[in-house]
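Scroll down for the structure; my scribbles are underneath it.
Just so it is clear, the model here is predicted, and its values are computed rather than measured.
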Amino acid sequence: MNLAAKLHKIAQLEDRAFVSEMYRRVLDREPDEEGTAHRLRQLGRGTSKHRVLIEILQTDEALGLFAHSANAGQDDKNDKASHAIRRLFAMKHEPFVHCLYRELLCREPDQPAYAGYVDALNRGRAKSAVFARFVSSSEFESLLGLDKYSFARRALDQLILSFYK
């Protein structure tokens with residue numbers, strides 16, 4: 001299961017379960033009372049689950065966790081999103097960008113943007129900044145917002161297209 005599918009699956013849960021699993025699978029920890037209350041208030045005010053998830057993915061806590069990739073490849077069967085993201089952050093620049101497209105947008109990269117991201121990384125831009133650009137993109141947000149059948153159809157279509165390239 002790719003990263004977008006793991007995150008999409010979390011977003012399909014009921015509010016309280018969504019918040020708890022988001023903390024466990026993205027931040028690798030149990031939710032605290034204050035954070036849980038804050039996120040539930042956001043949802044109660046009408047903030048979408050995919051927007052809350054995108055916010056969590058861009059927090060200093062999350063980006064710091066992802067950048068610390070010491071154990072990134074040790075447990076490939078782990079289904080936590082945080083472990084998948086750590087594996088991405090452990091990659092060299094070109095595979096990192098390529099996998100961001102595949103794992104977050106469920107598609108192959110378009111060459112000009114791919115080259116731009118790789119060049120930015122080669123010139124010193126932080127991987128966390130590139131990751132944040134992907135998860136804050138309207139394409140990623142709209143993908144997370146799809147119902148489970150539309151999401152599966154989109155992911156399968158992209159997989160089939162990439163097979164024939």
Check: [Y] and [X] side chains under 4.5 Å, non-hydrogen atoms:
X	Y	value
R107	R102	no
I85	L57	yes
L3	L88	yes
H8	L143	no
V97	P109	no

Aromatic centroids of Y117 and F134 separated by under 6.0 Å =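 So the answer is yes for these two rings.
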
From [atom1] ([X]) to [atom2] ([Y]), nearest 0.5 Å:
X	Y	atom1	atom2	value
L13	S20	CG	OG	9.5 Å
T36	R41	OG1	CZ	10.5 Å
S82	D28	OG	CG	3.0 Å
L53	T47	CG	OG1	13.0 Å
K80	R25	NZ	CZ	7.5 Å
L40	R16	CG	CZ	5.0 Å

ask   = Taking it one step at a time, do K127 and F96 satisfy side chain to side chain contact (heavy atoms under 4.5 Å, CB included)?
value = CA-CA 8 Å; K127 286 182 178 177; F96 172 73; 3.7 Å; yes

message = Exactly one of L27, L7, V135 should register a side chain to side chain contact (heavy atoms under 4.5 Å, CB included) with I56. Which one does?
response =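 For I56, the side chain to side chain contact (heavy atoms under 4.5 Å, CB included) check succeeds only for L27.
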
query = Would D32 and R29 pass as an ion pair if we require N to O under 4.0 Å?
reply =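 Salt bridge between D32 and R29, a charged N being under 4.0 Å from a carboxylate O: yes.
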
inquiry  = Among E33, E21, E55, which residue satisfies the salt bridge (charged side-chain N to carboxylate O under 4.0 Å, His left out) criterion with R39?
reply    =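 When salt bridge (charged side-chain N to carboxylate O under 4.0 Å, His left out) is applied between R39 and each of E33, E21, E55, only E55 qualifies.
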
query = Which class fits the ring pair H98 and Y114: parallel under 30°, tilted 30 to 60°, perpendicular over 60°?
reply =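 Perpendicular: the ring planes of H98 and Y114 meet at over 60°.
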
task = Indicate the ring-plane relationship of F89 and F66, choosing parallel, tilted or perpendicular according to the 30° and 60° boundaries.
result =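 Tilted: the ring planes of F89 and F66 meet at 30° to 60°.
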
